[in-house]
Amino acid sequence: MAPSLLAADFTALDREIARMDIAGADLLHLDVMDGHFVPNLTFGPLVVQAVRRLTGMTLDAHLMLTNPDRYVEQFVQAGADAVTIHIESEADIPATLDRIGDLGAARGLSLNPPTPVQEVMAHLDRVDLILVMTVMPGFGGQAFDPAGLEKIRALARARREGAGDFVISVDGGINDETGRRCRQAGADILVSGSWLFHQADPRQAMSALRGATA
Ligand code: DX5
Ligand code: ZN
């Protein structure tokens, strides 16, 4: 379970992160937006560095940037354990994934809802994580696009057939119902912003989904 910090109360990041850590979150998802690849702006390496000082949790930086290749090093230096770039970005995808790996971080590749899953298939042998977007990235609180379920199934099938050694993560509109469907389709990691941060008992919410069978 990966809480997305986007939905946290930014006046109390330390308390919000501790709440998710204590509740048993497995990693913390950090949404980085450039106002160009997506129509919104969030934060950069400086905030990732501050979050790094606040927690020992695994940090996954989801880079919604047109030119992620220019910044991967800064995010790893800031303390990101995993760096996820978009296949729709302008980066040289294989070279940027290799660079992330050389820097010592886990290599993530994400695809937007309109992008066919076939487009990431050629890269499966050089990623540690595939992030299936089930909303158009840019904003929290949007409705889940069920077309992502078929992508998750296709990725799980490719992995079974030996295409690579990666985890399947899903991001956008995840709640108890959509999260369960994603788990059943084969997702390993569920990213959740608004639903999880609004839970009175996030531990209970996360363990219910963790128990949902893949
Ligand atoms: C969307 C981000 C998501 C977002 C998810 O651009 O990539 O990580 O925070 O938020 P919810 O769970 O509210 O859809
Ligand atoms: Zn995200």
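We count ligands from 1, going down the list as the structure has it; atoms in each ligand are counted the same way.
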- Query: Which atoms of ligand 1 have any heavy atom of H62 under 4.0 Å away?
  - Reply: 7 (O)

- Picking from M20, M57, R210, what satisfies side chain to side chain contact (heavy atoms under 4.5 Å, CB included) with D26? R210

- Message: So if I count the atoms of ligand 1 from 1 in the order they appear, which ones are less than 4.0 Å from some heavy atom of M133?
- Response: 7 (O)

- Query: Going by an N to O cut-off under 4.0 Å, is there a salt bridge joining D34 and R70?
  - Reply: no

- Item | Angle in degrees, rounded to 10°, that OD2 of D171 and NE2 of H29 form at the Zn ion (ligand 2) | 100°

- Message: If the cut-off is 4.0 Å to any non-hydrogen atom of G172, which atoms of ligand 1 fall inside it?
- Response: 14 (O)

- Task: Return the name of the atom in D31, of element N, O or S, nearest to the Zn ion (ligand 2).
- Result: OD1

- Item | Pairwise ring pair (Phe, Tyr, Trp, His ring centres under 6.0 Å) hits with a residue in residues 16-36, at least two apart | H29-H62

- Query: Which distance, rounded to the nearest 0.5 Å, do you find between the CZ of R15 and the CG of L54?
  - Reply: 13.0 Å

- Message: Among all protein heavy atoms in this structure, tell me which lies nearest to atom 14 (O) of ligand 1, with the distance rounded to 0.1 Å.
- Response: G173 N, 2.8 Å

- Query: Does the pair R181/E177 count as a salt bridge with the N-to-O cut at 4.0 Å?
  - Reply: yes

- Task: Among all protein heavy atoms, pick the one closest to atom 6 (O) of ligand 1 and tell me residue, atom and distance.
- Result: G138 N, 2.7 Å

- Any atoms of ligand 1 less than 4.0 Å from a non-hydrogen atom of M64? List them with their elements. 6 (O), 7 (O)

- Value rounded to 0.5 Å, distance of CG in L63 from CG in L30: 9.5 Å

- Query: Going from CG on L28 to CG on L59, what distance comes out if it is rounded to the nearest 0.5 angstrom?
  - Reply: 6.0 Å

- Query: Going by the order shown, which atoms of ligand 1 are within less than 4.0 Å of some heavy atom of M33?
  - Reply: 6 (O)

- Measure the distances from the heavy atoms of W195 to every atom of ligand 1 and state whether one is below 4.0 angstrom. no

- Message: Could you work out, for atom 13 (O) of ligand 1, the closest of G193, G140, S194 by heavy-atom distance?
- Response: S194

- Note on the structure: Numbered in order shown, the ligand 1 atoms found under 4.0 Å of a heavy atom of P137 are 6 (O)

- Rounded to the nearest 0.5 Å, how far does CG of L209 lie from CZ of R183? 8.0 Å

- In short, salt bridge (Lys or Arg N to Asp or Glu O under 4.0 Å) pairs touching residues 59-68 with sequence neighbours left out are none

- Query: Which ligand 1 atoms does S192 reach within 4.0 Å, using its non-hydrogen atoms?
  - Reply: 12 (O)

- Query: Short N/O distance, under 3.5 Å, between D171 and ligand 1?
  - Reply: yes

- Item | Straight-line distance of D145 CG to K151 NZ, nearest 0.5 Å | 7.5 Å

- Message: Once rounded to the nearest 0.5 Å, what's the spacing between atom CG of D188 and atom CG of L129?
- Response: 9.0 Å

- Any idea which protein heavy atom is nearest atom 1 (C) of ligand 1, and the distance to it? F139 O, 3.7 Å

- Task: Heavy atoms only: give me the nearest S192-L196 pair and the separation to one decimal.
- Result: OG-N, 3.3 Å

- Query: For the Zn ion (ligand 2), which N, O or S atom of H62 is at the shortest distance?
  - Reply: ND1

- Is A7 in contact with ligand 1, taking contact as a heavy-atom separation below 4.0 Å? no

- atom 9 (O) of ligand 1 [closest protein heavy-atom partner, distance rounded to 0.1 Å]: S4 OG, 2.7 Å

- Message: Distance alone, cut at 3.5 Å: any donor-acceptor contact between the side chains of D31 and S4?
- Response: yes

- Message: Quick test: of every protein heavy atom, which one is nearest to atom 2 (C) of ligand 1, and how far off is it to 0.1 Å?
- Response: D31 OD1, 3.3 Å

- Task: Could you tell me if any non-hydrogen atom of M136 lies under 4.0 Å from any atom of ligand 1?
- Result: no

- Item | Numbering as shown, the atoms of ligand 1 that approach G141 to under 4.0 Å (heavy-atom distance) | 11 (P), 13 (O), 14 (O)

